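Worksheet: the structure to be examined is printed underneath.
No experiment lies behind these values; they were computed from the predicted model shown.
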Number of protein chains: 2
Amino acid sequence: MSTHQGVCCPPVTEAALDLESSQRLATVFATLADPVRLQLFSLIASQTEGSCACDLVDTLKRSQPTVSHHLKTLYQAGLVERQRRGRWIWYTARPEALNEAATLLTC
Amino acid sequence: MSTHQGVCCPPVTEAALDLESSQRLATVFATLADPVRLQLFSLIASQTEGSCACDLVDTLKRSQPTVSHHLKTLYQAGLVERQRRGRWIWYTARPEALNEAATLLTC
DNA sequence: GTGTTATATTGATATTCATCAATATATAGA
DNA sequence: TCTATATATTGATGAATATCAATATAACAC
């Protein structure tokens with residue numbers, strides 16, 4: 001963290017972002033910008049043992065392909081990890097990814 | 001901030017969000033999810049005295065209506081304030097809004 | 001008043017993407 | 001192998017939105 005006019009500033013306000021940095025950061029926010037996907041992430045993150053994908057369709061009231069699509073998006077953004085257990089796949093949150101995003105916004 | 005299984009958790013991971021909460025939070029993230037809009041906000045936030053809208057079109061290399069549209073989005077999301085000075089309108093960042101967003105992500 | 005400049009709005013278009021049905025892939029059990 | 005189940009992928013569609021040209025509004029200078 002550095003300073004700007006004597007006040008501690010997060011990266012977003014410290015200096016103007018160039019287009020490339022903006023694109024990278026915007027991708028993080030875009031991942032959380034869909035309400036269904038955000039709820040999906042919250043569901044997974046609220047269970048320390050993670051969540052079985054088999055349980056998420058019912059809770060979200062979305063089709064299986066839609067849930068699978070959102071899980072893929074979260075995975076590719078580094079927000080969740082996946083682990084196969086037999087026929088099932090369990091997803092767990094990566095809180096580090098959240099911290100990285102928050103670090104961009106605050107000191 | 002409360003705890004979950006003995007570990008301090010931000011709201012997003014503390015408990016599963018319902019759909020309504022997810023929609024509200026997702027709106028905050030969606031505002032920052034466009035690279036041009038994020039860069040625009042960063043430009044404004046990096047100047048403590050704010051930025052004149054008249055200077056932003058050249059920097060962003062977008063049309064005047066496009067910049068105006070993004071400024072409106074930022075304003076409606078509470079991320080910036082506007083102030084008319086003669087023929088010009090100056091925009092300043094509201095860092096509180098950033099803190100609110102970050103608070104959702106971390107302890 | 002007229003003219004000039006700064007910003008906002010309207011309307012149209014193209015792109016992105018959330019969603020689902022259908023299908024494919026993968027794993028376990030018989 | 002065959003069947004059943006869990007998850008992923010493909011393809012199509014509709015909705016949301018980023019973008020711009022044209023126009024409108026607002027404020028100053030004259």
Find which nucleotide of DNA chain C each of A/Arg85 and A/Lys61 is nearest to by heavy atoms, and output the residue with the more 5' nucleotide. A/Lys61
Quick one: how far along DNA chain C does chain A reach, first to last nucleotide 5' to 3', anything under 4.0 Å to a heavy atom? C/dA18 to C/dA28
Using a heavy-atom cut-off of 4.0 Å across all strands, would you classify B/His70 as base, sugar-phosphate, or nothing? sugar-phosphate
Using a cut-off of 6.0 Å, state whether more than 12 heavy atoms not belonging to A/Glu20 lie near its atom CD. no
Give the rounded distance in Å between these two atoms: CG of A/Asp55 and P of D/dT5. 16 Å
In whole Å, I'd like the distance from the CZ atom of B/Arg84 to the P atom of D/dA26. 9 Å
Is the shortest side-chain heavy-atom distance between A/Arg37 and A/Thr73 below 4.5 Å? yes
Give one of base, sugar-phosphate or nothing for B/Tyr91, where a contact means two heavy atoms less than 4.0 Å apart. sugar-phosphate
So do the side chains of A/Leu19 and B/Gln39 get within less than 4.5 Å of each other, counting heavy atoms only? yes
Residue pair A/Gly86/A/Gln64 against DNA chain C: nearer the 5' end by closest nucleotide is A/Gln64
Side chains of A/Phe41 and A/Leu98: does their closest heavy-atom pair fall under 4.5 Å? yes
Atom NZ of B/Lys72 and atom P of D/dA18 are separated, to the nearest Å, by 13 Å
What is the distance, rounded to the nearest whole Å, between atom CZ of A/Arg87 and atom C1' of D/dT5? 5 Å
Please state how far atom CD in B/Gln83 lies from atom P in D/dA27, giving the value in whole angstrom units. 14 Å
Contact between A/Val80 and A/Leu40 at the side-chain level, heavy atoms closer than 4.5 Å - yes or no? no
In whole Å, I'd like the distance from the CG atom of B/Asp34 to the P atom of D/dA18. 5 Å
A/Val36 near the nucleic acid: base, sugar-phosphate alone, or nothing, with a heavy-atom cut-off under 4.0 Å? sugar-phosphate
In whole angstrom, give the distance that lies between atom CZ of A/Arg82 and atom P of D/dT7. 11 Å
Test side-chain contact (heavy atoms from CB on, under 4.5 Å) on B/Leu79 and B/Val28; report intermediate values, then the result. CA-CA 9 Å; B/Leu79 284 166; B/Val28 177; over 6 Å; no
Give a yes-or-no answer on whether the side chains of B/Tyr91 and B/Arg82 include a donor-acceptor pair shorter than 3.5 Å. yes
Whole angstroms only, please: what is the OH-C1' distance between A/Tyr75 and D/dT7? 14 Å
